[in-house]
Protein chains: 2
Amino acid sequence: MSERPTGPRKSREARARKMPTMADVARRAGVSAMTVSRALKDKSAVTPETRDRIFQAVQDLGYVLDMSAGALSSKKTGFVSVLIPSLNNSNFSDTVQGISEILDTEGMQVLIGTTNYSRVREEQVIATMLQRRPEGIIVTGGTHTARARSMLETAGIPVIETWDLPVAPIGHVVGFSNAATIEDLMARLMFWGYRRVAFIEGEPGDDTRGHDRRTGYERAVRALGLERSCVISVGRPPVTVEHGAQAVVRLIETWPEVEAVICVSDLSALGAIMECHRRGWDVPGRLAVAGFGDFQVARHCWPSITTVSVGSLAIGQETGTLMLQAIAAMRAGTPLPPRRITIPHTVIERDSTARQPHPAETAPAP
Amino acid sequence: MSERPTGPRKSREARARKMPTMADVARRAGVSAMTVSRALKDKSAVTPETRDRIFQAVQDLGYVLDMSAGALSSKKTGFVSVLIPSLNNSNFSDTVQGISEILDTEGMQVLIGTTNYSRVREEQVIATMLQRRPEGIIVTGGTHTARARSMLETAGIPVIETWDLPVAPIGHVVGFSNAATIEDLMARLMFWGYRRVAFIEGEPGDDTRGHDRRTGYERAVRALGLERSCVISVGRPPVTVEHGAQAVVRLIETWPEVEAVICVSDLSALGAIMECHRRGWDVPGRLAVAGFGDFQVARHCWPSITTVSVGSLAIGQETGTLMLQAIAAMRAGTPLPPRRITIPHTVIERDSTARQPHPAETAPAP
DNA sequence: GGTCGGAATGGTATCGATAACATTTGATGC
DNA sequence: GCATCAAATGTTATCGATACCATTCCGACC
């Protein structure tokens, strides 16, 4: 009579068959399930002997804690959602890496969602993510659909916007001003003597960070009293190496007197430079080229690319740290007041804008 | 008397306050929770009118489905865990992208874990992942710690190993032979006339895929009856551009007569090439260089890099498709027999091994 | 008109862990 | 020696949704 002949969950039991539960462990260790739970979480509050007994039982049964059950009960899922435009951009994957590192230290886990540079897609991803009841959510950029924004505002969890400094943030912010980085870069180009500077971007659309950089360029042109501005838009984001190559050709046709060009990302800068190589246009002699993002190749390609480093990893680490604080505060019932952290950026001067000959041209051939 | 003055969950209720539940929606729509659940999942089995009423109530209340509760009840978490060495390697992030795309179509979500090229770390990540009760798990490579392997075997969910063709797989396999790719590349180098070929890798360790490629190199040297082999090991994985630069210098010192070198990844190939530039060694004239992985920069840098393309995205898509089948089969109670899918690879010939002068050297300067 | 059958919906038990409170145990103080 | 208190452990209710089975409803068919 210990077997229930026909339970309401027959097929369910049949399918899963084994998979020991916490109660099984408890029984085997001769304690209550609650004690097992305590032993598995914080070792304190449990006698070393019972702890050992419990761990032995866990071993014997091959028990694995079920966090989805725990999450339901404790209302702590241990998830933090992170939305980025694309995984294939090393800037963003660096940021995720930084976030992940920090959250790991508290046993929290990252749920990654990619929006493919689309705000509509972002909205969908947010909706999906919220169903997982993350304890915090991190989004890239400060521009979202109205519904996306409203979902984030009413989710009741800490929100961090990164890679931007929105005027009206939803919650916390960890970022920098995309416009300001390019203004700084422009100032440096002036300083190095360039006066006719163009800008290469992707086609306008949802890539607001790219658009902000363009804004920075235009502001700088005005502020510095330059003769003219010239923006070449090629390709839908994500902007690729190819796009840069196409754009630079169009640029030279459009404005033959151009001396330097800023590309919206290092990848398009690389494409531009390579196309110049192919066409025999010297870089930086004929055209100086600068990028954005300080990708690994920017440092190592030839000529190396002048760029703006924004500390993608640091953004992630700061974001992760802030998120941990915000979650702790939220759990304690005292939400953290919105914080705004600005990450410093640096203009890195390299060969692609140098006013002297290439290093390789002066190096002696062996 | 409808309010319970002191419940056992006082603080809990106080903290969360609102957050409507399915029961709230049901009440407002004048139906049972079960009907709400049905309406929110598959629209069939619910009258259009009630469906509308329910959706209206969802809107009004701002209700968001709680999948963690659903997961507990239905034993379907909708998660698939994916373990990769690093997010910053575009090969792996492409694979994740491919997996993600496919799983999205069935509403399943990816849980990403990075192992940092360490088997010990992999074991830890697997343990953590299994606590989330994923419905499937995808790992990179076919070499794991004993405990990791045993955890995967007893998890009771489909397992797919990728980026390799293990001799004794745990479950399914979607990959290619790393050794074979390099053997093919070696054959092509022979065909193009190179006889003195070296290999640049990272220091031996947990990067078994790198090690397999080296094995392929050594097998090819023997099979082709070459004069000698030469392996330069620099840097702990992940192998970087820097490592390639250091390695090529050591290579030239070690074996001045070397004609060509295969690098364990395109990144180190790039580093090697750039270092050659700096030192005035012509590529491919003085030294031909080939890489592995067909990274975006390999196609676009100068000279472009001869490499092996392994279809990272395709691996992901095939893996995702297989995983969906395996999960469907598992849910139906009929586990899929282990399957082994081989992804084709291609040797891509580019300028860095060309036997003729650089395109740029022959192009007319404008 | 009554029965049958399928579609729509409701009721109840349950998934597996944990919060809160209750209880036991052991040690300490006077 | 007994009271007191803290530490260790047990008990119960619950998190929010879903599986399963029961029930209702309505039209069709003989």
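Just so it is clear, the values below take in all heavy atoms, side chains as well, and ignore hydrogens, waters and symmetry mates. Chain letters run A, B, ... following the sequence lines, proteins first and then strands; every chain starts at 1. Given the structure is predicted, the values throughout are model-derived calculations rather than measurements.
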Let me know the distance between [atom1] of [X] and [atom2] of [N], rounded to the nearest Å.
X      : N      : atom1 : atom2 : result
A:R27  : C:dG16 : CZ    : P     : 12 Å
A:D66  : D:dG16 : CG    : P     : 17 Å
B:E49  : C:dA7  : CD    : P     : 17 Å
A:M22  : C:dT18 : CE    : C1'   : 8 Å
B:D24  : D:dA17 : CG    : C1'   : 13 Å
B:L72  : D:dT14 : CG    : P     : 17 Å
B:R133 : C:dC15 : CZ    : C1'   : 11 Å
B:M67  : D:dG16 : CE    : P     : 16 Å

Could you point out which residue of A:T95, A:T319, A:T140 forms a side-chain hydrogen bond (donor to acceptor under 3.5 Å, both in side chains) with A:W163? A:T95
Does either side chain, that of B:Q56 or that of B:D60, offer a donor lying less than 3.5 Å from an acceptor on the other one? yes
Just by distance, with hydrogens left out, do A:S32 and A:T35 show a side-chain donor and acceptor under 3.5 Å apart? yes
Output one line per pair: protein atom, nucleotide atom from nucleotides 9-12 of chain D, and distance, for all N/O pairs under 3.5 Å.
from: D:dT9; atom 1: OP1; to: A:T50; atom 2: OG1; distance (Å): 3.3
from: D:dT9; atom 1: OP2; to: A:T47; atom 2: N; distance (Å): 3.0
from: D:dT9; atom 1: OP2; to: A:T50; atom 2: OG1; distance (Å): 3.3
from: D:dG10; atom 1: OP2; to: A:S32; atom 2: N; distance (Å): 2.7
from: D:dG10; atom 1: OP2; to: A:S32; atom 2: OG; distance (Å): 3.0
from: D:dG10; atom 1: OP2; to: A:T35; atom 2: OG1; distance (Å): 2.6
from: D:dG10; atom 1: N7; to: A:R38; atom 2: NH2; distance (Å): 3.1

What are the two closest non-hydrogen atoms of A:L40 and A:M22, and how far apart are they? CD2-CE, 4.4 Å
Counting only side-chain N and O atoms of [X], is one of them less than 4.0 Å from OP1 or OP2 of [N]?
X     : N      : result
B:S37 : D:dA17 : no
A:K75 : D:dG16 : yes
A:S68 : C:dA17 : no

Supply the atom-to-atom distance B:L111 CG to B:R133 CZ, rounded to the nearest 0.5 angstrom. 13.5 Å
Tell me every residue that passes salt bridge (charged side-chain N to carboxylate O under 4.0 Å, His left out) with B:R340, counting only those two or more places apart in sequence or in another chain. none
Taking N and O atoms by type only, does the side chain of B:S74 place a donor or acceptor under 3.5 Å from a partner on the base of D:dT18? no
If a pair satisfies ring-ring contact (aromatic ring centres under 6.0 Å, His included) and one of its residues is in residues 102-125 of chain B, list it, with sequence neighbours excluded. none
